[in-house]
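Notes follow the structure.
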Amino acid sequence: MGRVLNLDEFVPEPSSVTFQGRSYKVADVEVETFLRLLKLSDELQGADDYETILEKVVELVHQAVPEMPEATIRKLNLPQIFRLLEFVVEELQKDPNVRKAMSRAKSR
């Protein structure tokens, strides 16, 4: 029998966040989600007003934590939403391949 590559071995343990006593899973980083996050990150860097920045942050957080309704994300205070964004980025950066891709994207 030939070699077998079990891609299920590369699925990380799910992370979660808790807000108002309810837990929400942080999404696995699928290629499509990662590409959307990179695009949103680029748009965020080009934003020059707080409203646009916060709208992009809400969208980015919702992409990363899709179980958390956007209305719930909008109830977060500023320290909470920015810490959640930081947590999501930290989770992404645990994967060395994602770290490389993010580094390349930043250098564009």
Side-chain angles (χ1 to χ4, degrees):
M1 180 173 182
R3 294 179 3 167
V4 175
L5 173 62
N6 181 358
L7 294 175
D8 292 336
E9 292 177 359
F10 296 92
V11 177
E13 287 292 317
S15 299
S16 64
V17 297
T18 303
F19 178 63
Q20 295 181 334
R22 180 157 182 223
S23 289
Y24 302 93
K25 266 186 14 183
V26 176
D28 288 337
V29 183
E30 298 169 349
V31 172
E32 183 178 343
T33 302
F34 183 68
L35 291 172
R36 278 184 276 172
L37 290 172
L38 284 177
K39 183 177 181 214
L40 283 170
S41 177
D42 286 346
E43 292 172 6
L44 186 60
Q45 290 179 9
D48 58 357
D49 65 283
Y50 289 118
E51 182 179 357
T52 302
I53 290 169
L54 285 173
E55 289 297 335
K56 294 296 177 190
V57 168
V58 168
E59 191 176 342
L60 201 132
V61 166
H62 188 61
Q63 291 291 322
V65 191
E67 291 181 352
M68 182 180 277
E70 190 173 311
T72 302
I73 295 168
R74 291 177 181 278
K75 290 180 183 176
L76 297 169
N77 63 37
L78 291 177
Q80 288 172 321
I81 196 164
F82 285 113
R83 179 57 188 113
L84 177 53
L85 181 60
E86 183 180 12
F87 178 78
V88 167
V89 170
E90 288 168 359
E91 290 301 299
L92 286 173
Q93 291 177 337
K94 285 182 179 178
D95 183 325
N97 294 316
V98 171
R99 274 198 312 273
K100 270 193 238 178
M102 289 175 83
S103 175
R104 285 190 207 124
K106 285 181 184 176
S107 65
R108 287 192 265 158

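Computed from heavy atoms alone, side chains included, the values below leave out hydrogens, waters and symmetry copies.
With contacts defined as side-chain heavy-atom distances shorter than 4.5 Å, the pair Val88/Val61 does not qualify. Taking 4.5 Å as the limit, every side-chain heavy atom of Phe19 sits out of range of all side-chain heavy atoms of Leu84. Looking at Leu54 and Leu78, their side chains come closer than 4.5 Å, going by heavy atoms from C-beta outward.
For Glu90, the CD atom is densely surrounded, since the number of other residues' heavy atoms within 6.0 Å is greater than 12.
In this structure, CD on Glu9 lies 8.5 Å from CG on Leu7, to the nearest 0.5 angstrom. Here His62 contributes atom NE2 and Glu67 contributes atom CD; the two are 10.5 Å apart, rounded to the nearest 0.5 Å. Here Lys75 contributes atom NZ and Ile81 contributes atom CD1; the two are 13.5 Å apart, rounded to the nearest 0.5 Å. Distance check: Glu55 CD to Asp49 CG gives 10.0 Å after rounding to the nearest 0.5 Å.
Annotation for Met68 and Ile73: closest pair SD-CG1, 3.4 Å, computed over non-hydrogen atoms. Across all non-hydrogen atoms, the minimal contact from Pro14 to Lys25 is CB-CD, 4.2 Å.
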